[in-house]
Amino acid sequence: MPQTIVIFGASGDLASRKLIPALYLLECKKRTVHPLRVVGVSRTPMTSEQWRNKLGETTKRFTGAAFDRESWEAFAPSVHYFPGDIDRPEMFGGLDAYLRSLEGDDESGRLYYLSTSPALYPIMIRHLGQSGMADPSRGTRRIIIEKPFGSDLKSARRLNQEVHASFDENQVFRIDHYLGKETVNNILVLRFGNTIFEPIWNRNYIDNIQITAHEDVLVGHRATFYEKAGVFRDMFQNHLLQLLTFVTMEPPARFEADAVRDEKVKVLRAIRAMTPEEVVANTLRGQYRSYRDEPGVDPLSRVATYAAMRLMIDNWRWKDVPIYLRSGKGMSCRTTQIVVQFRQAPHSMFERGETSSLFEANRLLIQIQPAEGIQIYFQTKVPDTDMEIRQTQFNFNFRESYQGELPEAYQRLLLDALNGDASLFARNDEVEIAWQIIDPIQRVWDDSDSTDPDCYEINSWGPPSADAWIRRWGHQWFDLCPVLH
Ligand code: BG6
């Protein structure tokens, strides 16, 4: 069936940096169903020709060596632009008529992509519903909603209600681009496509898990958004909790949207709730030194640009295994990694000397980005010694084993949404539970009596207090960057 993708917020960054390049590359690989039309909608007055010309430049910039002028010229005619004010209900009637004129008599599927300011989501969704544009009787009608999905549990619930007044849940695709990353999907393959990991993937063998998403960039021009969000809303509620679900959920019976999401919801529900006192003990916040000098930031801002959190999952598999999550901006390097720290061997018949700490026990490291790969740490005998043992590593590197660049997350996610596969998208209950976990933490730190976040230098691994904090729990951060090359 032919498909039309309608991008609301077409003149924004996401469309030119990610969405159009992803659609163009999918077309080059002949992955999309044909014919595919792309219609951009935003307030900026522009013709389709003008938008195409702009996109030609930006797509070249953002696809680099993969750009081919001839393929772009072949793709460009399927890109159209409709100027319109999303606030005005009559715009939707005009847009619908325009889409029909492009679709002709085709039974065409439509995928609406909301990539405007989140404040406009409710009104857009309502207008799509009221204008009949969500009605699937003339072809599939699906909607992708960009993050953030709400800013707390209350607003997420309200947005879900708004969505369900116009769309059925099976038409809705809430995006978290981390779920489109190849290395994140590989977590499922590692766990459920092999036999050797799953039997030891539990409290009997695993001592703790550390999930880190560090970035070297600063807040920059996003200060207005960041002042309202902070790191818990920006990175923990979505990306970090999604990574946690992939690492800790039970095996779904099938790789199907509801089978996968049921398991994710179950494990999120099993995360232990914290009292305000427990929040203070189990979380730690930081702010990089120059944050308050960024344009648009309150000079007394207490917004956290770094945070660490210790969670417990109360189920048979994970009881008493701490899961540490942390993320920061202005870090010494960009790394998203998951460290599964196994327990020490119960008894050693060897002289272990300096190698006796937990840190030297087996460890599995999943490097999500950059230098995507996996490392397994294990002990070996040092040759030509009596019985000296030393920790060594097995390395697996995606780019060495599979030639070529890994595709950007948006390619996979757009293709799945076009095909109606929601396995890698968040369900309504999933986003609400994630907010239910984050809200009480955010509330404690928003309280006027709470302390300021700990200051840290740019180009560090966060506030020095983070090391003392994790040591208090009997653990140590795994700080090594880059892990693989
Ligand atoms: C976004 C956050 O969702 O993810 C940004 O809003 C963050 O603050 C970005 O920089 C990180 O994404 P990635 O894919 O570069 O790790």
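What you see is a predicted model, and the numbers here were worked out from it, not measured in a lab. Both ligands and their constituent atoms are indexed starting at 1 by order of listing. Positions are given from 1 along the sequence. We use all heavy atoms of the structure for the numbers below, so side chains are in, but hydrogens, waters and symmetry mates are not.
If you check which protein heavy atom lies closest to atom 16 (O) of ligand 1, you get Tyr178 OH, 2.5 Å. In this structure, the protein non-hydrogen atom closest to atom 12 (O) of ligand 1 is His177 NE2, 3.2 Å. Distance from atom 10 (O) of ligand 1 to its nearest protein heavy atom, with residue and atom name: Glu215 OE2, 2.4 Å.
Ranked by closest heavy atom to atom 5 (C) of ligand 1, the top entry among Arg334, Gln369, Lys147, Arg222 is Arg222. Around atom 8 (O) of ligand 1, the closest heavy atom drawn from Thr336, Thr335, Asp234 belongs to Asp234.
Residues Trp51 and His80 place their aromatic rings such that the two centres sit no closer than 6.0 Å. Aromatic pair Tyr456/Trp461: centroids not less than 6.0 angstrom apart.
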Is there a salt bridge (charged side-chain N to carboxylate O under 4.0 Å, His left out) between Arg43 and Asp87 once you walk through the steps?
CA-CA 10 Å; Arg43 213 172 276 168; Asp87 285 348; 3.7 Å; yes
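Remark: Glu263 engages Lys266 in a salt bridge, criterion side-chain N to carboxylate O under 4.0 Å. A salt bridge does not link Arg427 with Glu169: every distance from a Lys NZ or Arg NE/NH1/NH2 to an Asp or Glu carboxylate oxygen is 4.0 Å or more.
If you number the atoms of ligand 1 from 1 as listed, the ones under 4.0 Å from a heavy atom of Lys181 come out as 13 (P), 14 (O), 16 (O). Residue contact check: His239 has heavy atoms under 4.0 Å from atoms 1 (C), 3 (O), 4 (O) of ligand 1. Every atom of ligand 1 is numbered from 1 in the order shown, and the set under 4.0 Å from a heavy atom of Lys329 is 5 (C), 7 (C), 8 (O), 10 (O).
Residues meeting the side chain to side chain donor-acceptor pair (under 3.5 Å) test with Asp467, sequence neighbours left out: none. Every residue two or more places apart in sequence or in another chain that forms a side chain to side chain donor-acceptor pair (under 3.5 Å) with Arg191 is listed here: Glu198.
With a 4.0 Å cut-off on non-hydrogen atoms, Tyr226 does not touch ligand 1 at all.
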